[in-house]
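Take a look at the structure below.
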Amino acid sequence: MKWNLRLVAAQRGIWKATEMQRRLAERGLVISAGKMSGLWSKTPASLKLDDLDVICAVLGCEVGELLAAEAPRIGVRGESAAGGAE
C-alpha cells in the first residue's frame, strides 16, 4: 500500500506536519511530534481505524485517497524469489 498523507494534505493547503498535527488535535486526536513525523514522512506499519477516521475528517477525504494499492514488490508472502517451495 502507498500512504499518500502528504499529497492529500498538500492538495488541501496543509504543507507542514505541525499544521496537520494541530488540526488533528482540534478534532480530539492528539499525536506526539515523533508519531506525526512518522505519519508525515513514511508509510505507517499500523494505524488505528479511529485515527484514520479523524485524519479523513480533517482532510475531507476518503480512505482510498490516503491508501492506494500497489503491485506486490516480490511475489507472494512465503514464496521464494524462484517462485515455489522445494
Side-chain angles (χ1 to χ4, degrees):
M1 297 297 282
K2 183 175 180 180
W3 179 240
N4 293 315
L5 178 62
R6 282 179 86 165
L7 174 64
V8 175
Q11 291 170 341
R12 285 143 177 91
I14 301 171
W15 300 99
K16 296 182 179 181
T18 53
E19 173 67 11
M20 185 68 191
Q21 184 180 18
R22 183 187 62 77
R23 291 187 186 203
L24 292 171
E26 288 173 355
R27 295 279 185 123
L29 179 57
V30 178
I31 295 180
S32 69
K35 183 175 178 182
M36 188 68 233
S37 176
L39 286 175
W40 194 252
S41 62
K42 55 189 169 191
T43 301
S46 65
L47 186 62
K48 293 179 183 177
L49 293 177
D50 289 342
D51 294 354
L52 188 56
D53 280 341
V54 175
I55 293 169
C56 287
V58 166
L59 295 174
C61 71
E62 298 291 326
V63 173
E65 293 176 75
L66 291 172
L67 295 169
E70 291 184 307
R73 294 181 191 182
I74 303 175
V76 178
R77 286 187 192 179
E79 289 185 4
S80 70
E86 296 184 25

Considering all heavy atoms, the nearest A17-M36 contact: O-CG, 3.7 Å
Is the number of heavy atoms from other residues, nucleotides or ligands within 6.0 Å of CD (E62) greater than 12? no
Test of understanding: clusters of I, L, V, M, F, W, Y form through side-chain heavy atoms closer than 4.5 Å, transitively. Do L52 and I31 belong to the same one? yes
Should K35 and D51 count as side-chain neighbours, where that means a heavy-atom distance under 4.5 Å? yes
Spatial distance of atom SG (C56) from atom CZ (R27) [nearest 0.5 Å]: 11.0 Å
L59 side, atom CG; R12 side, atom CZ - distance, nearest 0.5 Å: 6.0 Å
Between L5 and L39, what is the shortest heavy-atom contact and its length? CD2-O, 3.4 Å
Nearest 0.5 Å, please: how far is CG in L67 from CH2 in W3? 5.5 Å
State plainly whether the residues E19 and R22 are in salt-bridge range, i.e. N to O under 4.0 Å. yes
Using the rule that Ile, Leu, Val, Met, Phe, Trp and Tyr join whenever any side-chain heavy atoms are under 4.5 Å apart, tell me whether M20 and L47 fall into a single cluster. yes
Search all heavy atoms of I14 against all heavy atoms of W40 and return the closest pair with its distance. O-CH2, 3.8 Å
Please report the C-alpha distance between K48 and L29 in whole Å, then the side-chain angles of each, then the deciding distance to 0.1 Å, and finally whether the side chain to side chain contact (heavy atoms under 4.5 Å, CB included) criterion is met. CA-CA 11 Å; K48 293 179 183 177; L29 179 57; over 6 Å; no
Is there a side chain to side chain contact (heavy atoms under 4.5 Å, CB included) between N4 and Q11 once you walk through the steps? CA-CA 11 Å; N4 293 315; Q11 291 170 341; over 6 Å; no
Establish whether V63 and M1 are linked, either directly or via other cluster members, by ILVMFWY side-chain heavy-atom contacts under 4.5 Å. yes
